[in-house]
Amino acid sequence: MAKINFGGVEENVVTREEFPLAKAVETLKEETIAIIGYGVQGPGQSLNLRDNGFKVIIGQRKNSASWDKAVADGWVPGETLFEIEEALDKGTIIQYLLSDAGQIAVWPTVKKYLTPGKALYFSHGFGVTYKERTGIVPPADVDVILVAPKGSGTSLRRMFIEGRGLNSSFAIFQDATGKAWDRVIALGIGVGSGYLFETDFKREVTSDLTGERGTLMGAIQGIFAAQYEVLRANGHSPSEAFNETVEELTQSLMPLVAENGMDWMYANCSTTAQRGALDWWKKFRDASKPVFEDLYSEVAKGNEAQRSIDSNSQDDYRVKLDAELKELQESEMWQAGAAVRQLRPENQK
């Protein structure tokens, strides 16, 4: 591993130059990677691994929408697509990519097939970290590893097709074979990571749950809604409010931040924008920091995990979720967003 300086702090990272794809394929040439679950992360990770030359099979329930999706993606029933138990039996590396609730439900089946020397792979530290709540306790004679791409499976696949990579964290919870490090790094490179940075299962799930509820999804939606509503209340049209709140950020400014950093973006905006941003960013930080401290505390105590388990295990969970998502979709802001996206040049006939 290489030590890289991040803002004055050294961290361990692994790059594709240090551990090239050819080395990753060679490392796992005798392994069969069984992907259990074909929902959020399963398609992107499995397709990238397959295209990179690894031996991959899918385990999924027959006659499900995910089974049909796997067939549409080129997985062949009886050859590379199997019922979950058959895939678990065939796999030497089990990539457990079901939802957190799904992992809890299927764990008794998975555990039966974790024979000595196999590897159990996660892309989220939830199940193992909160084992008292999930019941997921891996046997002592298997490797337990994690690669967590910092984005959705859709983004992982899109970036792979574009010849880019999505950065991922990696962790080793249990090294039973002495091969856990080689396995996890080879898998991280194989799924299409840009670079891999070291963590552990607890830190991964704590940062992940905080990020999802914070700047990645929850906080950004809250900030979007607040600014949009203030603009609308003061007579601005939906188009103007949406463009000034969302469209300019996502289409113009965030790509610049991704390429060069916020400091560069500030330096290359108008002097009026610079002055305003410099005057106001600390006020937003000070206003939101207590919320983030409360959020982190709830995550660290396990309360957010329990809330997720309780909610997702209810029989009417999907109905309630769909209702909440429908409310978001039908809000004026995101209806305006749909109209704005249709007016982008690439979407006009």
Side-chain angles (χ1 to χ4, degrees), residues 1-2 12-38 41-60 70 73-76 79-82 84 86-98 110 113-124 128 138-139 141-149 153 156-157 159-161 163 165-199 201:
M1 284 189 290
N12 293 325
V13 304
V14 180
T15 66
R16 297 191 210 184
E17 182 178 1
E18 178 185 355
F19 205 105
L21 179 59
K23 181 177 179 180
V25 172
E26 177 66 21
T27 298
L28 301 182
K29 66 181 180 180
E30 302 299 329
E31 305 267 21
T32 297
I33 303 165
I35 309 285
I36 307 303
Y38 207 73
Q41 283 289 335
Q45 292 201 33
S46 62
L47 291 170
N48 290 0
L49 284 164
R50 183 181 71 183
D51 291 352
N52 273 333
F54 296 85
K55 184 179 180 181
V56 185
I57 60 174
I58 306 297
Q60 186 58 46
D73 286 343
W75 303 100
V76 180
E79 295 181 15
T80 55
L81 176 60
F82 303 92
I84 289 175
E86 188 170 359
L88 287 168
D89 186 46
K90 292 177 179 295
T92 60
I93 296 173
I94 309 301
Q95 291 199 195
Y96 203 23
L97 300 182
L98 292 168
V110 172
Y113 291 92
L114 292 176
T115 51
K118 286 193 176 186
L120 179 62
Y121 166 113
F122 295 87
S123 283
H124 192 22
V128 169
D141 50 10
V142 300
D143 293 341
V144 183
I145 56 181
L146 173 147
V147 173
L156 182 72
R157 182 61 177 166
M159 294 176 76
F160 176 85
I161 291 170
L166 189 63
N167 299 332
S168 302
S169 60
F170 77 94
I172 298 171
F173 181 79
Q174 190 167 280
D175 184 3
T177 67
K179 301 186 296 182
W181 193 88
D182 285 338
R183 278 170 148 177
V184 73
I185 299 303
L187 289 162
I189 297 299
V191 300
S193 301
Y195 74 87
L196 295 154
F197 60 94
E198 192 173 24
T199 187
F201 275 56

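It should be emphasised that the depicted structure is a prediction, and the values quoted were computed from it without experimental measurement. Counting from 1, the numbers follow the sequence of the chain as shown. Just the heavy atoms: all of them, side chains too, but no hydrogens, waters or symmetry mates, feed the values below.
- Between Ile36 and Tyr113 there is no side-chain heavy-atom pair separated by less than 4.5 Å.
- A side-chain donor-acceptor contact under 3.5 Å links Ser168 and Ser193.
- Atoms CG and CD1, on Leu98 and Ile84 in that order, are 6.0 Å from each other to the nearest 0.5 Å.
- Without hydrogens or angle criteria, Glu198 side chain to Asn12 main chain gives no donor-acceptor distance under 3.5 Å.
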Derivation and outcome, side chain to side chain contact (heavy atoms under 4.5 Å, CB included), residues Tyr96 and Val128: CA-CA 12 Å; Tyr96 203 23; Val128 169; over 6 Å; no
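- The backbone N or O of Asp175 sits nowhere less than 3.5 Å from a side-chain atom of Asp143 that would complete a donor-acceptor pair.
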Run the side chain to side chain contact (heavy atoms under 4.5 Å, CB included) check on Phe173 and Phe122 step by step: do they pass? CA-CA 10 Å; Phe173 181 79; Phe122 295 87; over 6 Å; no
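- The CD1 atom of Ile172 sits 7.5 Å away from atom CD1 of Ile145, with the distance rounded to the nearest 0.5 Å.
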Going through the distances and angles, do Val14 and Trp181 end up as a side chain to side chain contact (heavy atoms under 4.5 Å, CB included)? CA-CA 11 Å; Val14 180; Trp181 193 88; 4.0 Å; yes
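- One finds the CD1 atom of Ile57 at 11.0 Å from the CD atom of Gln95 (value rounded to the nearest 0.5 Å).
- Leu156 and Gly44 get closest at one heavy-atom pair: CD2-C, 4.1 Å.
- Of the candidates Lys90, Arg183, Lys118, Glu31 forms a salt bridge (Lys or Arg N to Asp or Glu O under 4.0 Å) with just one, namely Arg183.
- A distance of 7.0 Å separates CH2 in Trp75 from CD1 in Ile35, rounded to the nearest 0.5 Å.
- Side-chain atoms of Thr32 do not come within 3.5 Å of backbone N or O of Thr92 as any donor-acceptor pair.
- In this structure, Glu26 does not pair ionically with Lys23, as no charged nitrogen and carboxylate oxygen lie closer than 4.0 Å.
- In this structure, Asp73 and Pro43 approach most closely via the heavy-atom pair OD2-CB, 4.4 Å.
- Asp141 CG to Gln174 CD: the interatomic distance, rounded to the nearest 0.5 Å, is 8.0 Å.
- Atom-to-atom distance recorded for Glu30:CD and Lys55:NZ is 9.5 Å, nearest 0.5 angstrom.
- Of all the heavy atoms in Pro149 and Gln41, the pair that sits closest is CG-OE1, 3.8 Å.
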Could you go step by step and tell me if Leu187 and Phe170 meet the side chain to side chain contact (heavy atoms under 4.5 Å, CB included) rule? CA-CA 10 Å; Leu187 289 162; Phe170 77 94; over 6 Å; no
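- With hydrogens and angles ignored, the 3.5 Å screen pairs a side-chain donor or acceptor of Ser123 with a backbone N or O of Val147.
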